[in-house]
*Asks:* 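Got a structure for you, written out below as C-alpha cells; questions coming shortly.
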Amino acid sequence: MVFPIKRKQMMENLEVRDYEPGDLEGVLVLVSELEAEMSEKFDGVSIKSGGPEYRNRYLKPGNKFKTFVALLDGRVVGYLLGWPVLGAPEVDNMYDVLPASDHWKPAEFYFHITFVSKPFRNRGISKKLHLSALKYAREQGYKEVYACIAKWNEKELSVIRSLGFQEKDLGYRLRFSLKL
Ligand SMILES: CC(C)(COP(=O)(O)OP(=O)(O)OC[C@H]1O[C@@H](n2cnc3c(N)ncnc32)[C@H](O)[C@@H]1OP(=O)(O)O)[C@@H](O)C(=O)NCCC(=O)NCCS
C-alpha cells in the first residue's frame, strides 16, 4: 500500500542516478505497473510481459542500454531507458551494437521509455530523469538526443517540450530531437 507523501518532503528525498544492478527488482516492479497500465489503456490487446527481456537484455550490465532511476527513500519510483543508435532502426532495434574503440561512438542517443509510478506523478520526476539522461549524453559526447512519442501521451509530450526539443509530426507520433 502506498501512503500519501507530502510533495515537498517527497522532492527533498528524491534521488536520480544511473541504474545499478541492485535496482533490478525495483525496476521490474515498475515494468509490471507499466504493463498493467498499458493493458488497461489498449482495450482488447494482450501484452506479453517484457520482464524477462528487461532482466536478460535491457538491464544486463555490459549491454548497450543505459538506464536512469529515480528513488524515494531507496525505493525505485521511476526510470528512463535509452541507448546509443547508429541511425538504422532495424539494426538499432534488433542488435546490441557497442563501440569497439574508445575513439568512435554513434552521434545519436535515443530516449526509449520513461515510466513513473502513478502515486508519484506530476512532481517533476520524469523531468529530472530526462535532465540526468541529457547530462549523461552531453558528457559522453553524443551530438543529438531523440525520442518518438505518441500523440496520446500528453504528459510525456509536455515533459519533452519543456526541455526545448524540436518536434516533427510523423502522423500518429511526434519525433523530438535536441542538438547537444
Ligand atoms: C509520462 C510520465 C513518465 C510523466 O511522469 P511525471 O513524473 O508525472 O512527469 P513530470 O512530473 O516531470 O511532468 C508532468 C507534469 O507535472 C508538472 N510538474 C512538474 N513538476 C511539478 C511540481 N513540482 N509541481 C507541480 N507540477 C509539476 C509538469 O509541468 C507536467 O505538467 P503538464 O503536463 O501540465 O505540463 C508518466 O505519466 C508515466 O509514467 N506515464 C505512463 C507511461 C508512459 O506513458 N510513458 C511514456 C512512454 S515512453
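For the numbers below, each heavy atom of this structure counts, side chains included, while hydrogens, waters and symmetry mates do not. Indexing begins at 1, ligand by ligand and atom by atom, following the structure's order. Please read all numbers here as calculations on a predicted model, not as lab measurements.
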*Asks:* Where the closest heavy atom to atom 12 (O) of ligand 1 is concerned, which of Lys118, Lys127, Glu33, His130 has it?
*Replies:* Lys127
*Asks:* Against heavy atoms of Gly124, which atoms of ligand 1 measure under 4.0 Å?
*Replies:* 10 (P), 11 (O), 12 (O), 19 (C), 20 (N), 21 (C)
*Asks:* What about Glu37: any of its N or O atoms under 3.5 Å from an N or O on ligand 1?
*Replies:* no
*Asks:* Below the 3.5 angstrom mark, is there an N/O of His112, backbone or side chain, next to an N/O of ligand 1?
*Replies:*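 Among all N and O atoms of His112, none is under 3.5 Å from an N or O of ligand 1.
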*Asks:* Report the residue from Leu81, Asn63, Val31 that forms a side-chain contact (heavy atoms from CB on, under 4.5 Å) with Tyr58.
*Replies:*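 Among Leu81, Asn63, Val31, the one meeting side-chain contact (heavy atoms from CB on, under 4.5 Å) with Tyr58 is Leu81.
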*Asks:* Out of Glu154, Lys128, Arg123, Lys41, indicate the one that has the non-hydrogen atom closest to atom 23 (N) of ligand 1.
*Replies:*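 Heavy atom nearest to atom 23 (N) of ligand 1 belongs to Arg123.
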*Asks:* Can you name the closest pair of heavy atoms from Phe111 and Ala133 and give their distance?
*Replies:*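 So the minimum-distance heavy-atom pair works out to CZ-CB, 3.5 Å.
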*Asks:* Under 3.5 Å between any N/O of Asn122 and any N/O of ligand 1: does that happen in this structure?
*Replies:*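 Asn122 vs ligand 1: N/O contact under 3.5 Å present.
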*Asks:* Backbone or side chain, does any N or O of Met38 fall under 3.5 Å from an N or O of ligand 1?
*Replies:*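 Between Met38 and ligand 1 (N or O atoms, distance only) the closest approach is not under 3.5 Å.
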*Asks:* If the cut-off is 4.0 Å to any non-hydrogen atom of Ile113, which atoms of ligand 1 fall inside it?
*Replies:*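 It comes down to these atoms of ligand 1: 48 (S).
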*Asks:* Any side-chain heavy atom of Ser126 sitting closer than 4.5 Å to one from His130?
*Replies:*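 Side-chain contact under 4.5 Å: yes.
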*Asks:* I'd like to know if the side chain of Glu167 and the backbone of Arg161 have a donor-acceptor N/O pair within less than 3.5 Å.
*Replies:*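 It does not hold such a pair.
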*Asks:* Numbering the atoms of ligand 1 from 1, which are under 4.0 Å from a heavy atom of Ile125?
*Replies:* 7 (O), 11 (O), 12 (O)
*Asks:* Consider side-chain contact (heavy atoms from CB on, under 4.5 Å). Of Val159, Leu80, Leu14, which one does Ile125 pass it with?
*Replies:*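 So the option named by the test is Leu14.
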*Asks:* Relative to atom 41 (C) of ligand 1, which among Glu156, Arg121, Lys155 owns the nearest non-hydrogen atom?
*Replies:* Arg121
*Asks:* Within the 4.0 Å heavy-atom shell around Val116, which atoms of ligand 1 are there?
*Replies:* 5 (O), 7 (O), 38 (C), 39 (O)
*Asks:* Counting only heavy atoms not in Glu20 (residues, nucleotides, ligands), do more than 12 fall under 6.0 Å from its CD?
*Replies:* yes
*Asks:* Identify which of Ile149, Val159, Leu80 has a heavy atom lying nearest to atom 13 (O) of ligand 1.
*Replies:* Val159
*Asks:* Less than 4.0 angstrom from a charged side-chain N to a carboxylate O is my criterion; do Lys155 and Glu37 meet it?
*Replies:* no
*Asks:* Only one of Tyr136, Tyr79, Phe115 passes ring-ring contact (aromatic ring centres under 6.0 Å, His included) with Phe68; say which it is.
*Replies:* Tyr136
*Asks:* With respect to atom 31 (O) of ligand 1, which of Ser158, Ser126, Ala70, Ala147 exhibits the smallest heavy-atom separation?
*Replies:* Ser158
*Asks:* Is Leu180 linked to Leu129 within one hydrophobic cluster, defined over Ile, Leu, Val, Met, Phe, Trp and Tyr using a side-chain heavy-atom separation of less than 4.5 Å?
*Replies:* yes
*Asks:* With respect to Phe120, determine whether any N or O atom, backbone or side chain, lies less than 3.5 Å from an N or O atom of ligand 1.
*Replies:* no
*Asks:* Would you call Asp23 and Arg17 a salt bridge, using N to O less than 4.0 angstrom?
*Replies:* yes
*Asks:* Can you sort out which atoms of ligand 1 are near Asn153, meaning under 4.0 Å from one of its heavy atoms?
*Replies:* 43 (C), 44 (O), 45 (N), 46 (C), 47 (C)
